[in-house]
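Just below is one structure, and these are the notes that go with it.
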Amino acid sequence: MPECPELHLAGRYINEACGGLVFEGGVQRSAVGRGPEVPFSSEAYRVTAASRGKELRLTLAPLGPGPSQALVFRFGMSGSFRLCEAASPPRHAHLRFFTRESPPRALCFVDPRRFGTWRLGEDWQPDRGPCVLLEYPAFRENVLTNLEDKAFDKPICEALLNQKYFNGIGNYLRAEILYRAKIPPFEKARTVLEALKHQEQNSSLTLSKKLKLKRDNPDLLELCHKVPMEVVAADKNLFDPSDSDNYAAFKNWLQCYLVPGMSSLRDRNNRTIWFQGEPGPMAPKGQKPHKKHAHLKADPEEAPTPTVTTRASKRRSGGAEKPPKPAVKEEEEKAVPDGSRKGRARGKKKVAAAPTLSEPDAPVRAKRNRTSTRRGRGAAPAV
């Protein structure tokens, strides 16, 4: 799922790719896009982007008279922007902005899973806190001055997904941050953050002691800023998983999330958290940590030889598990009222109730065949 680094990189991509382009006309929306129609049209306008946490704002600014139009996007699980030929847009392009070139190109909001949305206007969502990436001092202050909030009664792994305080942090970032901070994911959030606040306000500590403490116990809030910055500093379009090179680089960067050898549990929001070591005192009851194993290719030379089991060997070993005994009522319903056939129906019932071998059908058919042959009736074998 795109998190603050991916939103920031998407904004950078738009500004670099569209900085010298002029757009024209209206905005085209797909029939299944999860956002409103965009009531904007201009003979010439430019497109710029800015991000904040898990939101991206697109501004359409006319080159002549007329008001600008802003849209604020949330990418959901698979949203991204791409500039492509207008005649051959990518699948799942739910919003398109057309250039004045010949042939024209289109800036497309692409979202295969359709969890992404947009809304009209320039305001950021009001219940989101300062961005961990671009507003670090305000983000830090917002957390440390509100530790009495009940949001911090929860495990730290759940608190990190609260966008009121950790705007931009998502599932992969929380795993990487807690792993580097060496903090169990199900430690109480307030316990972790109050210790950090106390350390910050302790005037008796010298600068060298504070630096040593930070080295031995990495600052969680600093990591909420530094870890996303590492993704941005890679200077790759990591928000586009269809680019195999970029996605491979992103996977190599991960130290904890989906990494073989790490454990995982589901939190109370049913989101999987990856971690190493003990989960912490607030871990969900009744769950056992699942450890991710590397998927290695089997060596064909060391592959085990399949064992062939004959029917005779099955019988010698005691046979397979008995199939369930048919209910008498079912057999009675199969019996035909015709008196000439009652004996056959009763015969069926006896066969069904008799002890069965590992493969019951074969002995029964063989017995019937031999009987039919001895009597010389020429009856076909029972199936």
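Side chains included, hydrogens not; waters and symmetry mates left out as well; all remaining heavy atoms used.
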Mind listing the closest non-hydrogen atom pair of [X] and [Y] along with its distance?
X      : Y      : answer
Arg52  : Cys131 : CG-CB, 4.0 Å
Asp153 : Met282 : O-CE, 3.4 Å
Ala17  : Leu83  : O-CD2, 3.9 Å
Glu176 : Val227 : CB-CG1, 4.1 Å
Pro62  : Leu60  : CD-O, 3.6 Å
Arg34  : Gly116 : CB-O, 3.5 Å

Should the ring pair [X] and [Y] be called parallel, tilted or perpendicular, given that the plane angle runs from 0 to 90° and is split at 30 and 60?
X      : Y      : answer
Tyr45  : Phe40  : perpendicular
Trp253 : Phe250 : parallel
Tyr165 : Phe152 : tilted

Using modelled atom types only, decide if a donor and an acceptor are shared between the side chain of [X] and the backbone of [Y] within a distance under 3.5 Å.
X      : Y      : answer
Asn142 : Ala138 : no
Asn15  : Thr48  : no
Ser263 : Lys291 : no
Asp111 : Ala93  : no
Arg57  : Glu122 : yes
His94  : Arg29  : no

Could you check whether any side-chain heavy atom of [X] comes within less than 4.5 Å of a side-chain heavy atom of [Y], counting everything from C-beta outward?
X      : Y      : answer
Ile156 : Leu220 : yes
Val38  : Trp118 : yes
Arg180 : Ile177 : no
Glu43  : Arg100 : no
Leu134 : Ser51  : yes
Cys108 : Phe97  : no
Leu120 : Pro39  : yes
Val32  : Arg114 : yes

For this session: Check the pair Phe81 / Phe109 against ring pair (Phe, Tyr, Trp, His ring centres under 6.0 Å), numbers first and verdict last.
Result: CA-CA 5 Å; Phe81 274 92; Phe109 176 62; 5.3 Å; yes

Decide, yes or no, whether a salt bridge links [X] with [Y] under the criterion of side-chain N to carboxylate O below 4.0 Å.
X      : Y      : answer
Glu85  : Arg105 : no
Glu194 : Lys188 : no
Asp267 : Lys154 : no
Lys54  : Glu3   : no

For this session: Assess whether salt bridge (Lys or Arg N to Asp or Glu O under 4.0 Å) is satisfied between Glu158 and Arg271, documenting all intermediate values.
Result: CA-CA 9 Å; Glu158 294 178 14; Arg271 300 284 300 277; over 6 Å; no

Going from [atom1] on [X] to [atom2] on [Y], what distance comes out if it is rounded to the nearest 0.5 angstrom?
X      : Y      : atom1 : atom2 : value
Leu193 : Glu187 : CG    : CD    : 10.5 Å
Cys224 : Leu173 : SG    : CG    : 8.5 Å
Glu222 : Leu196 : CD    : CG    : 8.5 Å
His290 : Ser264 : NE2   : OG    : 5.5 Å
Asn167 : Phe139 : CG    : CZ    : 9.5 Å
Cys4   : Met229 : SG    : CE    : 10.0 Å

Exercise. Salt bridge (Lys or Arg N to Asp or Glu O under 4.0 Å) between Arg119 and Glu55: does it pass, once the steps are laid out?
Worked result: CA-CA 11 Å; Arg119 66 182 186 277; Glu55 294 181 297; 3.2 Å; yes

If hydrophobic clusters are built by linking Ile, Leu, Val, Met, Phe, Trp and Tyr wherever their side-chain heavy atoms come under 4.5 Å apart, do [X] and [Y] end up in the same one?
X      : Y      : value
Phe98  : Leu58  : no
Leu221 : Leu161 : no
Leu95  : Val110 : no
Phe73  : Trp124 : no
Phe166 : Tyr136 : yes

For this session: Check the pair Leu133, Leu7 against side chain to side chain contact (heavy atoms under 4.5 Å, CB included), reporting the backbone distance first and the verdict last.
Result: CA-CA 11 Å; Leu133 186 70; Leu7 273 289; over 6 Å; no

For this session: Decide if atom CZ of Arg190 counts as having more than 12 heavy atoms of other residues, nucleotides or ligands within a radius under 6.0 Å.
Result: yes

Problem set entry | Glu141, CD: over 12 other non-hydrogen atoms inside 6.0 angstrom | no

For this session: Applying salt bridge (Lys or Arg N to Asp or Glu O under 4.0 Å), run through Asp219 and Lys226 and close with a yes or a no.
Result: CA-CA 10 Å; Asp219 186 316; Lys226 287 182 175 180; over 6 Å; no

For this session: Could you walk me through whether Leu63 and Val22 pass the side chain to side chain contact (heavy atoms under 4.5 Å, CB included) test, one step at a time?
Result: CA-CA 9 Å; Leu63 297 180; Val22 176; 4.0 Å; yes

Problem set entry | ring pair (Phe, Tyr, Trp, His ring centres under 6.0 Å) between Tyr257 and Tyr179, intermediate numbers included | CA-CA 9 Å; Tyr257 182 75; Tyr179 171 76; over 10 Å; no

For this session: Show the numbers, then the answer: is there a side chain to side chain contact (heavy atoms under 4.5 Å, CB included) between Thr59 and Arg46?
Result: CA-CA 8 Å; Thr59 302; Arg46 294 195 185 276; over 6 Å; no

Problem set entry | Verdict with reasoning, Leu258 to Tyr172, per side chain to side chain contact (heavy atoms under 4.5 Å, CB included) | CA-CA 9 Å; Leu258 293 176; Tyr172 86 80; over 6 Å; no

Problem set entry | Worked verdict on Phe75 versus Phe115 for ring pair (Phe, Tyr, Trp, His ring centres under 6.0 Å) | CA-CA 7 Å; Phe75 280 17; Phe115 286 104; over 10 Å; no

